[in-house]
Amino acid sequence: MSVSHQLADGQVAVIKIGEKRLDAVNATNLRNYVADLINKGRDRIVVDLTGLDFMDSSGLGAIVACKKLTSDDGYLRVAGAQGAVQELFRITRMDKLFQTYNTVDEAISG
């Protein structure tokens, strides 16, 4: 799985998933990548879901696990969820747990 990040405003790590699917095959890679960033002191994170066409419960579970790793001073926000991915957040009510945003810029400015 291709996962990368860029720093925005010098503080926010914006995670880009280079796949169309986030599922049982690659969810662990995302979780490990984000956990490594958090362990290195990055605790303000935006996960950009713009390119995803599909996410299953494993992908959602990875994002939840990452959120649990952030400190009280940090956050994990999701941006760009569309279609079936947005629907998954809605039907599981994870849209109540996560601060979700239409765009990465909106997520960064919070």
Side-chain angles (χ1 to χ4, degrees):
M1 171 183 206
S2 171
V3 181
S4 61
H5 78 280
Q6 295 180 353
L7 289 182
D9 294 341
Q11 299 175 14
V12 181
V14 178
I15 307 295
K16 185 72 175 170
I17 301 167
E19 306 286 332
K20 297 243 181 242
R21 298 174 61 90
L22 181 56
D23 55 24
V25 172
N26 54 19
T28 301
N29 292 340
L30 174 65
R31 186 178 65 238
N32 292 342
Y33 188 91
V34 174
D36 187 52
L37 283 176
I38 292 169
N39 287 335
K40 291 178 179 174
R42 295 276 172 218
D43 65 351
R44 295 181 183 172
I45 297 169
V46 173
V47 180
D48 182 2
L49 303 177
T50 303
L52 288 184
D53 293 335
F54 176 81
M55 181 167 62
D56 69 5
S57 61
S58 298
L60 189 58
I63 294 173
V64 170
C66 293
K67 181 172 180 56
K68 289 180 180 180
L69 295 174
T70 59
S71 69
D72 290 340
D73 295 330
Y75 58 75
L76 186 136
R77 299 173 179 162
V78 294
Q82 303 169 38
V85 176
Q86 184 178 30
E87 184 67 6
L88 179 63
F89 274 91
R90 190 189 67 73
I91 64 173
T92 60
R93 297 184 183 235
M94 287 294 120
D95 59 345
K96 306 293 186 232
L97 174 66
F98 287 94
Q99 294 174 304
T100 58
Y101 299 85
N102 292 326
T103 68
V104 169
D105 289 338
E106 288 175 9
I108 291 168
S109 59

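What you see below is based on every heavy atom in this structure, not just the backbone, and it leaves out hydrogens, waters and symmetry mates. Values in this document were obtained by computation on a predicted structure and should not be read as measured data.
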### Message
If you count heavy atoms of other groups shown closer than 6.0 angstrom to CD of Gln6, is the number above 12?
### Response
no
### Task
Tell me whether Tyr75 is reachable from Val64 by hopping between hydrophobic residues (I, L, V, M, F, W, Y) whose side-chain heavy atoms are closer than 4.5 Å.
no
#### Entry: Backbone N/O of Asp105 and side chain of Ser109: donor-acceptor pair under 3.5 Å
yes
### Message
Between Leu52 and Ile15, is there shared hydrophobic-cluster membership here, with clusters defined by ILVMFWY side-chain heavy atoms closer than 4.5 Å?
### Response
yes
### Message
Side-chain heavy atoms nearer than 4.5 Å, only ILVMFWY residues, links allowed to pass through others: does that put Leu37 and Val78 together?
### Response
yes
### Query
Do you know which of Val12, Val14, Leu76 makes side-chain contact (heavy atoms from CB on, under 4.5 Å) with Ile45?
Leu76
## Note on the structure
Rounded to the nearest 0.5 Å, the CZ atom of Arg44 sits from the OG1 atom of Thr70 at a distance of 11.5 Å
### Message
Rounded to the nearest 0.5 Å, what separates atom CZ in Arg90 from atom NZ in Lys96?
### Response
9.0 Å
### Task
Write down the atom of Ala27, the atom of Ala62, and the distance for their closest heavy-atom approach.
O-CB, 3.5 Å
### Message
Using side-chain heavy atoms (C-beta onward) and a distance below 4.5 Å, is Phe89 in contact with Leu49?
### Response
yes
### Summary
OH of Tyr101 to CD1 of Ile108, rounded to nearest 0.5 Å, is 11.0 Å
#### Entry: Separation of Leu69 CG from Asp36 CG (nearest 0.5 Å)
11.5 Å
### Query
If we only count heavy atoms from C-beta on, is the Met55 to Ile63 side-chain gap below 4.5 Å?
yes
#### Entry: Value rounded to 0.5 Å, distance of CD1 in Ile38 from NZ in Lys67
10.5 Å
## Note on the structure
Tested for side-chain contact (heavy atoms from CB on, under 4.5 Å) against Val3, the lone hit among Asn26, Leu30, Leu22 is Leu30
### Query
Atom NZ of Lys68 and atom CZ of Arg31: how far apart are they, to the nearest 0.5 Å?
11.0 Å
### Query
Between Asp23 and Phe54, is there a donor-acceptor pair closer than 3.5 Å when you use the side chain of the first and the backbone of the second?
no
### Query
Taking the side chain from Arg42 and the backbone from Ala13, do they hold a donor-acceptor pair closer than 3.5 Å?
no
### Task
May I ask whether Val85 and Met94 are part of the same hydrophobic cluster, defined by side-chain heavy atoms of I, L, V, M, F, W, Y residues being less than 4.5 angstrom apart, directly or through others?
yes
### Polar contact flag, side-chain donor to acceptor under 3.5 angstrom, Thr50-Asp48
yes
### Task
Determine, stepwise, if the pair Val47 / Ile17 fulfils side chain to side chain contact (heavy atoms under 4.5 Å, CB included).
CA-CA 8 Å; Val47 180; Ile17 301 167; 4.1 Å; yes
